[in-house]
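Beneath this line is the structure, given in structure tokens, with notes to follow.
Just the heavy atoms: all of them, side chains too, but no hydrogens, waters or symmetry mates, feed the values below. Quick note: residue numbers are just sequence positions, from 1. The shown structure was predicted, so the numbers you read here are calculated from the model rather than taken from an experiment.
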Amino acid sequence: MYFFHISIGGGITGIETVISIINRIKNNLKKKKLKKVTLAVIEKNPENIPGGVAYGFKRSTFGYFNNPLRLSPKKFTDWVLKSKNKKKLINYLENHGGYTGKEWIKKNLKIFLSHKNKNLKELYIPRIMMNFWMLERFLLVLNTIKKINKKYRNLIDIKFIKGEVIGLKKRKNYYQIKFKKNFCKELKFKQNNINSNPLSFHKDLLINKKITAKNINIGLGLPPPAQIASPEARCNENYIWDFYDEGSTSFLIKKILYLSKLKKKIIIYFIGYKAGLLEAMPELYKIITTNKLNIKIICSSSELQSIQKAELSLKKKIYKTKYFKKNILFKINTAEKLFISIFKEFNFAQSKGYNRYDAWTYILKNNLIYEVIKKFNIYQKKKYDDYFHNKIRAITRFTYPETINSRELMFKKKILEAKKEKVKKVKIKNKKLIVVTKNKKNITKKYNCDIVVNVSGPLNAEKIREEIPLVNQLKIMGAKTISGNFVVNHHFEIKGLKNIFIPGTLARGFNPERKTIISAILKNSNIVANCISKNYLKSFS
């Protein structure tokens, strides 16, 4: 079974690429005489289509964007603010948003339903809205395919395949897809009511033919953390290794509520102190305090460095930069100077009574990072991509303020305790999860826990081995890594592996301008689609 293009992963990257390819074909129908094109989307968990793990219906419950609406892609923001979609969001929060959803409605409904309120675009909304937006656009494109096929005799064929891809094999000028246990199924989809998962698949049919493709786009979402649990601990149902993929906060809450019926006190250990921990805090705090559960939560990291609040100061005057004035940007001509200038700007903002986020908002809003790096020479661009981008990312990570507020309340009520230590291992003893840690003084501690959640941060491409077999296979095939990421060209094609694209977070230069992740994913996926479409259209010129 041969395909011109396959998207491995049915999340934002995979679906956006398919949407963009089809729209480009549609725009060239009258210009060229085209031949049949075959496309496919492969996804191990079809319920993730089209939002993936981060924005899917099942796995992103209680998750909110890290940035307000004004920093979201304009097309998405405009869509969210249409009356029918505002109703969709409210309906979702009422039915699926839990305690935090009801709190959001109570606090923000008046602002959200307005059209002119100055705080409207300062709202943080549930990530599920990206899923709804992608679904609407995807269904429109599928409808477009029907119309095209009716007029141009089945020009476009698209299939959905369930299976876990573990590798690729080069065959002349195309690639053969290798599936886990050589097992994959073709799926048919249907659209559901908004109160359930809006898209589901049925009538699956086992595929016995080999799946091959000329072009492959890989969108695997956020990689899991390092696996530090013993084989026995990994099998324990209360050890959560890949927090987001396993269902995130809603998955954890189900475990807590079940255990609360069996035990008087529950001890939870979070390995990590950043995004994964913070995302769970608002709903977890409400569940614990409302149900009066006896729960102790321990979290740890070697440095206890957290993400900052994405919160503007209350000052009426708009922040004006000192080091990022447009007329002096030319002075920031190296990657190191860019890092130092951002650091100085943040300190200056705080000295004037503003938050760091005021300065960062001004820099992002005026696209000043791009204005600086576009003038770098090749050497400085390389230094930026390979070293200083990560240093800048470390000081410019901001998140939904409610997550940090909830964490502070948990500290205050002594539900949550933070430890400055590194987890060395998770093991099992007498059916109990044991977390083994070591601090900077080399003192070892052991914690008996009921639930252990590993949110220690995603692995980079360099360190991934058995955690993601496909990524490991790409490296065996010759894909190179620098500073933890795959080396790609300006089309996000992996260097050395022709026609294999990876536009997500594992790619070097994924988001140099430090825009919101979703903006970078959409932009990069369209770059990939443009390259693939050109290759298809060239053959008919």
Could you tell me whether the side chains of [X] and [Y] share a donor-acceptor contact shorter than 3.5 Å?
{"X": "E16", "Y": "N526", "result": "yes"}
{"X": "E283", "Y": "T100", "result": "yes"}
{"X": "R514", "Y": "T396", "result": "yes"}
{"X": "R407", "Y": "S306", "result": "yes"}
{"X": "T516", "Y": "N67", "result": "no"}
{"X": "N333", "Y": "K337", "result": "yes"}
{"X": "N66", "Y": "T399", "result": "yes"}

Are the charged groups of [X] and [Y] less than 4.0 angstrom apart, N to O?
{"X": "E417", "Y": "K296", "answer": "yes"}
{"X": "E513", "Y": "K515", "answer": "yes"}
{"X": "E103", "Y": "K286", "answer": "yes"}
{"X": "R127", "Y": "E279", "answer": "yes"}
{"X": "R59", "Y": "E47", "answer": "yes"}
{"X": "E402", "Y": "K309", "answer": "no"}
{"X": "D450", "Y": "K255", "answer": "no"}
{"X": "D78", "Y": "K82", "answer": "no"}
{"X": "K383", "Y": "E336", "answer": "no"}

With a distance cut-off below 6.0 Å to the six-membered ring centre and an angular limit of 45° from the axis, does [X] pair with [Y] as a cation-pi contact?
{"X": "K86", "Y": "F112", "answer": "yes"}
{"X": "R137", "Y": "W133", "answer": "yes"}
{"X": "K391", "Y": "F339", "answer": "yes"}

Practice problem: Take Y124 and F65 through the ring pair (Phe, Tyr, Trp, His ring centres under 6.0 Å) test and state the conclusion after the steps. | Solution: CA-CA 6 Å; Y124 294 78; F65 282 99; 9.4 Å; no
Quiz item: Which of these, I332, I363, I342, sits in a side-chain contact (heavy atoms from CB on, under 4.5 Å) with L368?
Solution: I363
Self-check item: With I297, the side-chain contact (heavy atoms from CB on, under 4.5 Å) member among Y269, F270, Y285
Solution: F270
Quiz prompt | Approximate separation, where rounding is to 0.5 Å, of Y354 OH and Y319 OH | solution = 8.5 Å
Quiz item: Say you draw a straight line from CG of L522 to OG of S20; how long is it, rounded to the nearest 0.5 Å?
Solution: 10.5 Å
Quiz item: Of the options R508, E462, K463, which is the one that meets T481 in a side chain to side chain donor-acceptor pair (under 3.5 Å)?
Solution: E462
Practice problem: Evaluate the ring planes of F398 and W360, with Trp represented by its six-membered ring, and classify them as parallel (under 30°), tilted (30 to 60°) or perpendicular (over 60°). | Solution: parallel
Quiz item: Should the pair F411 and Y273 be assigned to parallel (<30°), tilted (30 to 60°) or perpendicular (>60°) ring geometry?
Solution: tilted
Quiz prompt | Closest heavy-atom pair and its distance - K422, S302 | solution = CB-CB, 4.5 Å
